[in-house]
Amino acid sequence: MAMFGYEFMQRAFWAGSLIAVIGPVLGVYLVLRRQVLMADTLSHVSLAGVALGSVLNLNPSLSGFIVAILGALMIERLRRAYRTYSELPIAIIMTTGLALAVVLMSLKQNWSKSFSSYLFGSIVAVSDTQLRLIALVTLLGLLFFVVLRRPLYNLVFNEETAVISGVRVPLLSFGFAVFTGMTVAAAIPVVGVLLVSALIILPASLALRLASGFAAAIAIAVGAGLIGMFSGLTASLYAGYSARGYDRVDFGCFIALGNRTSEITQLQISPYGEKIV
Amino acid sequence: MILSSLRDVVFGYEDEPVIEHLSLDIHFGQFIGIAGPNGAAKSTLLKLILGLLKPWSGTVQFAREREDGLNIAIGYVPQQVSSFNAGFPSKVIELVRSGCYTRLGLFRRFNSRENAIVERSLKEVDMWEYRNRKIGELSGGQKQRICIARALAQEPEVLILDEPATGMDLASRTGLYELLNHYVRQHGRTVIMVTHALEETSPYLDTRINLERKENEGWQCLVTNLCSAHFGLGV
């Protein structure tokens, strides 16, 4: 409990818990809509936004946030154009986003140290502003998923029957895309561009293997997200305390190594390729 | 009373038209079958009627409101609706309850009437005892039946089904046709169904729309009114 004595750790746990609630919920819907790579794509697009912000001397977090939302809307638009190749828009936007990020990064030589925190995340360096943004996105997300749970269920089950039964599918899809962009952008300071989809998709994939009902799937995903976040944060804090100080705190994720008996293996993931615990 | 009216409709995919100058009226309270070989644009015709596809030219009208101004509830069971992801996290009863969502809106809770509708819908397709099974564990025919139950739970005035009997055995198919026939005759509902099984369905149908594409002869639509044995070209 001593770790809660530090203000930055309190912020880290708040930021981690909020993202670990809303990320996995979003992940369940993304998996069911067959848009698993959307989070990864938008994180790369957001990186281009961060680079753009830096080059133009704007707030990089804000520009990353806006560009992630714009990227999500472009994917949604392309998804309608390439109906039969649903993974194509994701590939198009991911490569475009990454290419744009590389070009923009090459325009500026003196990258501040904080740029690596966008890539790998730096949960202990989450600022008050970022925490407020994460709280706002989580609140909006919970409202979105609770209020619209019925039309969203019909949407993810079958879009055509949803249209005929009166669900305003284009509007709902649009809202979903905007919210996906917001969540990815808000999660980046916590988990980093490279691991954002781990937080969003892995708990969902575990939940979909275990759950028999829809509400149970959401609950398991959130539970797995929270356990993964807390265990990783705690473990890496104590491991990192002696080794490197506080500057790198990673998070752990549960991954279901799927088989019919649903054996669960806990893997600790580190963006630095080293075992944390 | 006319439910849907198509006038001089042309539609195709990419550059090739698959429906040319089709004019057709579909009346309320009938059991209508759409038949034809593979590639005859049966599903396309359904989607045009429903407004899921927009015609290249011509007009498609579909009555969305009743004379008293209320919306007409439409139940739609698309082709291969049952080919959903086997991992979709839902129990059978959860999926069928989702058919009530439009009627209930965002917040209204399920009451005893809604629960009774769900139970009746599942019993009508003989799937009530499977209500607590995960939907991905069912067979193809059973999946098809719960998707039909979901459409029935909408209490639709118009029920539109695209090859609904796919994967079903003979007894289930006959049960389905009799159920749909019951809805038309006893409750005044309208049923539009794409089918390959003309011999099985003909005894129940009021109107049969036959679509055919012939090599070098173009496209043809034959509308057969089975009630009055009146034959006429609908093109």
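Convention: sequence-line order gives letters A, B, ...; per-chain numbering from 1.
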Completion exercise
Answer key: most heavy-atom pairs under 4.5 Å with chain B among A:Val31, A:Asn154, A:Leu148, A:Leu32 is A:Asn154
Handout entry: Most contacts with chain B, counted as non-hydrogen pairs under 4.5 angstrom, among A:Ala216, A:Ala211, A:Ser165, A:Pro151
Key = A:Ser165
Can you check whether [Y]'s main-chain N or O pairs, donor with acceptor, with [X]'s side chain at less than 3.5 Å?
| X | Y | result |
| --- | --- | --- |
| A:Glu160 | B:Pro78 | no |
| B:Ser90 | A:Gly213 | no |
| A:Arg150 | B:Gly105 | yes |

Does [X], at its [atom1] atom, have more than 12 non-hydrogen atoms belonging to other residues, nucleotides or ligands within less than 6.0 Å?
| X | atom1 | value |
| --- | --- | --- |
| A:Arg77 | CZ | no |
| A:Phe174 | CZ | no |
| A:Trp14 | CH2 | no |
| A:Arg168 | CZ | no |

Handout entry: Options B:Leu95, B:Leu50, B:Ile93, ranked by heavy-atom pairs under 4.5 Å with chain A, top entry
Key = B:Leu95
Completion exercise
Ranking B:Arg133, B:Arg64, B:Arg108 by heavy-atom pairs under 4.5 Å to chain A gives rank one to B:Arg108
Problem - Contacting region of B:Leu104 [heavy-atom separation from chain A under 4.5 Å] - result: both
Completion exercise
Under 4.5 Å to a heavy atom of chain A? For B:Glu94 that would be both
Handout entry: A:Phe157 side chain near B:Cys147 side chain, heavy-atom distance below 4.5 Å
Key = yes
Problem - Side chain to side chain, B:Leu52 and A:Ile164, heavy atoms closer than 4.5 Å - result: yes
Counting only heavy atoms closer than 4.5 Å, note whether [X] contacts chain B via side chain, backbone, both or neither.
| X | answer |
| --- | --- |
| A:Leu208 | both |
| A:Val147 | both |
| A:Val156 | both |

Completion exercise
Output for pair (B:Lys91 NZ, A:Ser212 OG), nearest 0.5 Å, gives 4.0 Å
Handout entry: Exercise: do B:Arg150 and A:Asn158 side chains pair donor with acceptor under 3.5 Å
Key = no
